[in-house]
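Since the structure is predicted, the reported quantities are computational estimates derived from the model, not experimental observations.
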Amino acid sequence: MSVPPDLDPRRGIHSYTRRGERITPGQARAWAELWPRYGVTLTDDTTLDLDAWFGRHAPVVLEIGTGMGETTALLAEAAPEINYLGAEVYRPGLAALLMRVRERGLTNLRLVRGDAVRLLREHLAADSLDGVRVFFPDPWPKARHHKRRIVEPAFVALAASRLRPGGTLHLATDWEPYADQMLAVCRDEPALRNTSPDPAGWAPRPDWRPVTKFERRAVEEGRVVHDLLFVRG
């Protein structure tokens, strides 16, 4: 499968918001103690050997945008047979997740700090992932910011190229206009097939996906959460 057109993260358009870097004393201790083992910051010199890093060969699932890590930690804990890879740019969130790694004794979770597009394009091989998950990405609701949404044709093509045959792309959002865009983009990607039996295209909410604070807030505010589950053919 060919790599899609230019997705250079240095193009000046990012799908994430740059936030403050202040961390708590507990997060700082977790960072100093655990980041050298569990984390890597993407640079031009970064090389990733996932089998060596995890210390085993196992299916790999990539979660893009781990936030403060509550959901990521629960998902990794619930699937110890999976090598779970989390990508995030926000250092305090990664530090908070490292605290959860220590509290739960997780051994199957590794973290990457940097642009997920760069990670996919430059550091993960074709057919190397069993799953890609993007849960509640920033919807960038203003029309002039729609170009910043991560789920767009070139990203979906890139993610599909990194999935092994039978691997899954799982998206979730509570922002209906973004959900419609996600569905249209995934339907237009020839490497992917929708697994949903629903003619509308939405997947049932999986019981195994923890309820995030974003989802809880969406329900409280009357918004509908949409899941999409596509498989690479």
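A distance of 12.5 Å separates CD in Glu152 from NZ in Lys147, rounded to the nearest 0.5 Å. Separation of atoms CG (Asn83) and CG (Leu62) is listed at 12.5 Å; rounding is to 0.5 Å. Taken to the nearest 0.5 Å, the CZ atom of Arg162 stands 7.0 Å off from the CG atom of Leu120. Within the model, atoms CZ of Arg232 and CG of Leu163 stand 7.0 Å from one another, a figure rounded to the nearest 0.5 Å.
Between the side chains of Arg148 and His145, no donor-acceptor pair of N or O atoms lies under 3.5 Å. Between the side chains of Arg102 and Tyr38, no donor-acceptor pair of N or O atoms lies under 3.5 Å. Between the side chains of Asn194 and Arg187, no donor N or O sits under 3.5 Å from an acceptor N or O.
Geometrically, Arg110 does not engage Tyr84 in a cation-pi contact defined by less than 6.0 Å to the ring centre and at most 45° from the axis. For the pair Arg223 and Trp175, the cation-pi test (distance below 6.0 Å, angle within 45°) is failed.
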**Study point:** Steps toward ring-ring contact (aromatic ring centres under 6.0 Å, His included) verdict (His226, Tyr178)
**Key:** CA-CA 10 Å; His226 292 292; Tyr178 197 8; over 10 Å; no
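The side chain to side chain donor-acceptor pair (under 3.5 Å) check on Thr71 picks up nothing, with sequence neighbours excluded. Residues forming a salt bridge (Lys or Arg N to Asp or Glu O under 4.0 Å) with Arg164 (at least two apart in sequence, or on another chain): Asp130.
The environment of CZ in Phe214 is sparse: at most 12 heavy-atom neighbours from other residues, nucleotides or ligands sit within 6.0 Å.
The ring of His170 has its center closer than 6.0 angstrom to the ring center of Trp208.
Looking at Arg133 and Glu63, no side-chain N of the basic residue comes within less than 4.0 Å of a carboxylate O on the acidic one, giving no salt bridge. Taking the charged nitrogens against the carboxylate oxygens, Arg205 and Glu215 do have a contact shorter than 4.0 Å, which makes a salt bridge. A salt bridge links Arg118 to Asp44: one of the charged nitrogens lies within less than 4.0 Å of a carboxylate oxygen. Note on Arg209 versus Asp227: salt bridge recorded, some NZ/NE/NH1/NH2 to OD/OE distance being below 4.0 Å.
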Distance-only donor-acceptor pairs under 3.5 Å for side chains of residues 92-101, two or more places apart:
from: Arg100; atom 1: NE; to: Met68; atom 2: O; distance (Å): 3.3

